[in-house]
Amino acid sequence: MTSAVEEQLQSEVLDWFSRAARDLPWRAADCSPWGVLVSEIMLQQTPVVRVLPVWREWLARWPSPGDLAAESSGEAVRAWGRLGYPRRALRLHAAATVIAQDHDGHVPRDPVELRALPGIGEYTAAAVSAFAFGDPATVVDTNVRRVLARARSGKALPAMSLNRAEMRLAHENVPADRERAAAWNAGVMELGAIICKARSPVCDVCPIRSHCAWRAAGYPPYDGPPRKGQAWDGTDRQCRGALLQVLRSRDEPIPAEQLALAWADAEQRERCVASLVADQLLQEAPAGHYRLPG
DNA sequence: AAACCGTGGGC
DNA sequence: TGCCCAAGGTT
């Protein structure tokens, strides 16, 4: 059931989105579902500006799931470059393989089938459903959560983890009309990305400022539990990143001694090499060499 | 279910 | 400068 307030909110977001939407290649009318899927995986925890050049390279090189599936997973990891979280490249390659083998090379439209693909969780399944096929899914990412927390709940930031009340609120706010639902999903995300930002929101130009509960309450600060930032210096993640960067830089297998140049601490280095092998991001080669997976 | 998994830019 | 955050998923 859509209330009058919700309809007003929807119209304001839709009107704003029709004017202010960024011209992103995965939003082009001729972008394939595969192109949308690749963008969604790349955009997980990764800013748009960093994704753009890599996405273009991937779509030019592998225009269909079958094209990527025909490559080695190592090539996917190499082409992932410095986007971060390289297991995404591995899972995207695995998803392409499943799509090629079990879905006749076509990205599935059913959210349940999407959700079953490696690397695709609730958000990405809904996003592909909505953005690739125009289906009326409920897309809830960090942007949507923040916009709803502010506009509808009057809070500076959403809870630490997505809960049922939030999902219900998000679902209630999706327009019933199919076309409006698709535009709403894209529009709320866009609003969160470029207006209702986490750090410095630009409320002065927000299209829904007159309906924002957070604004009405006088912008109360975040009052939830402290958010613990992730450590970085000296962590296994930093070590793994340094090791993989060396592996990406050359086609040939790399001797273990060269990996030692990338990370001095032998114990941590060996632990991380082992974890990269276990993750199938790394492969042992003859004579104490290592390479990206073939 | 808390912890882990990369990377770089903005403030 | 250091800290926070970016279209999350998996275990």
Selection from [options] that lies nearest to any side-chain heavy atom of [X]:
X	options	result
A:Ser200	B:dA3, B:dC11, C:dA7	B:dC11
A:Arg50	B:dG8, C:dA7, B:dA3	B:dG8
A:Pro47	C:dT10, C:dA6, B:dC5	C:dA6
A:Arg82	C:dG9, B:dC5, B:dG8	B:dG8

Using atom [atom1] of each nucleotide, how far apart are [N] and [M] to the nearest Å?
N	M	atom1	value
B:dC5	C:dC5	C1'	16 Å
C:dT1	B:dG8	C1'	16 Å
C:dA7	B:dA3	C1'	22 Å
B:dA1	C:dG9	C1'	14 Å

At 4.0 Å (heavy atoms only), tell me whether [X] reaches a base, stays on the sugar-phosphate, or touches nothing.
X	value
A:Gln238	nothing
A:Leu243	nothing
A:Ala198	sugar-phosphate
A:Thr235	nothing
A:Arg22	base
A:Trp80	nothing
A:Val51	nothing
A:Ser161	nothing
A:Leu244	nothing

Could you say whether A:Tyr85 or A:Lys228 is positioned toward the 5' end of DNA chain C, judged by the nucleotide with the nearest heavy atom to each?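 Taking each residue's closest nucleotide, the earlier one in sequence belongs to A:Lys228.
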With a 4.0 Å cutoff (strictly under), does any side-chain N or O of [X] reach OP1 or OP2 of [N]?
X	N	value
A:Gln44	C:dA7	no
A:Arg87	B:dG6	no
A:Arg27	C:dA7	no
A:Thr142	C:dC5	no
A:Arg146	C:dA6	yes

Run through DNA chain B and report every stem of 3 or more consecutive Watson-Crick or G-U pairs, distances under 3.5 Å, ordered by first number.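 Looking at DNA chain B, the stems formed by three or more consecutive pairs are B:2-5 with C:8-11, B:7-11 with C:2-6.
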Nucleotide [N], atom [atom2] - distance to [atom1] of [X] in whole Å:
X	N	atom1	atom2	result
A:Leu114	C:dG9	CG	P	12 Å
A:Arg240	B:dT7	CZ	C1'	14 Å
A:Glu122	C:dG8	CD	P	14 Å
A:Leu92	C:dG8	CG	P	16 Å
A:Leu162	C:dG9	CG	C1'	13 Å
A:Asp279	B:dC5	CG	C1'	9 Å
A:Leu83	C:dA7	CG	P	15 Å
A:Arg271	B:dC4	CZ	P	11 Å

Side chains of [X] and [Y], donor plus acceptor under 3.5 Å:
X	Y	answer
A:Asp236	A:Gln268	yes
A:Glu12	A:His211	yes
A:His171	A:Thr138	yes
A:Thr46	A:Arg88	yes

If every non-hydrogen atom of A:Arg240 is compared with every non-hydrogen atom of A:Ser275, which pair is closest and at what distance?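 Answer, listing the atom of A:Arg240 first, then A:Ser275: NH1-OG, 2.8 Å.
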With nearest nucleotide decided by heavy atoms, which residue, A:Thr46 or A:Lys197, maps closer to the 5′ end of DNA chain B?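 It is A:Thr46, whose closest nucleotide lies nearer the 5' terminus.
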Quick check on DNA chain B: between A:Leu276 and A:Arg199, whose nearest nucleotide comes earlier from the 5' end?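 Whichever sits nearer the 5' end wins; that is A:Leu276.
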Main chain of A:Ala156, side chain of A:Arg150: is a donor-acceptor contact present, judged purely on distance under 3.5 Å?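 Between the backbone of A:Ala156 and the side chain of A:Arg150 there is a qualifying donor-acceptor contact (under 3.5 Å).
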Would you check if the side chain of A:Arg78 reaches a backbone N or O of A:Arg250 as a donor-acceptor pair within less than 3.5 Å?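 Such a contact is found between A:Arg78 side chain and A:Arg250 backbone.
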Cluster link A:Val188 to A:Phe17, ILVMFWY, side chain under 4.5 Å: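 Yes.
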If you group Ile, Leu, Val, Met, Phe, Trp and Tyr by side-chain heavy-atom gaps below 4.5 Å, do A:Leu169 and A:Val174 land in one group?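 Yes: a chain of side-chain contacts under 4.5 Å links A:Leu169 to A:Val174.
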Pick from A:Val98, A:Thr124, A:Thr97: which one makes a side-chain contact (heavy atoms from CB on, under 4.5 Å) with A:Leu117?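 When A:Val98, A:Thr124, A:Thr97 are each tested with A:Leu117, the side-chain contact (heavy atoms from CB on, under 4.5 Å) holds only for A:Val98.
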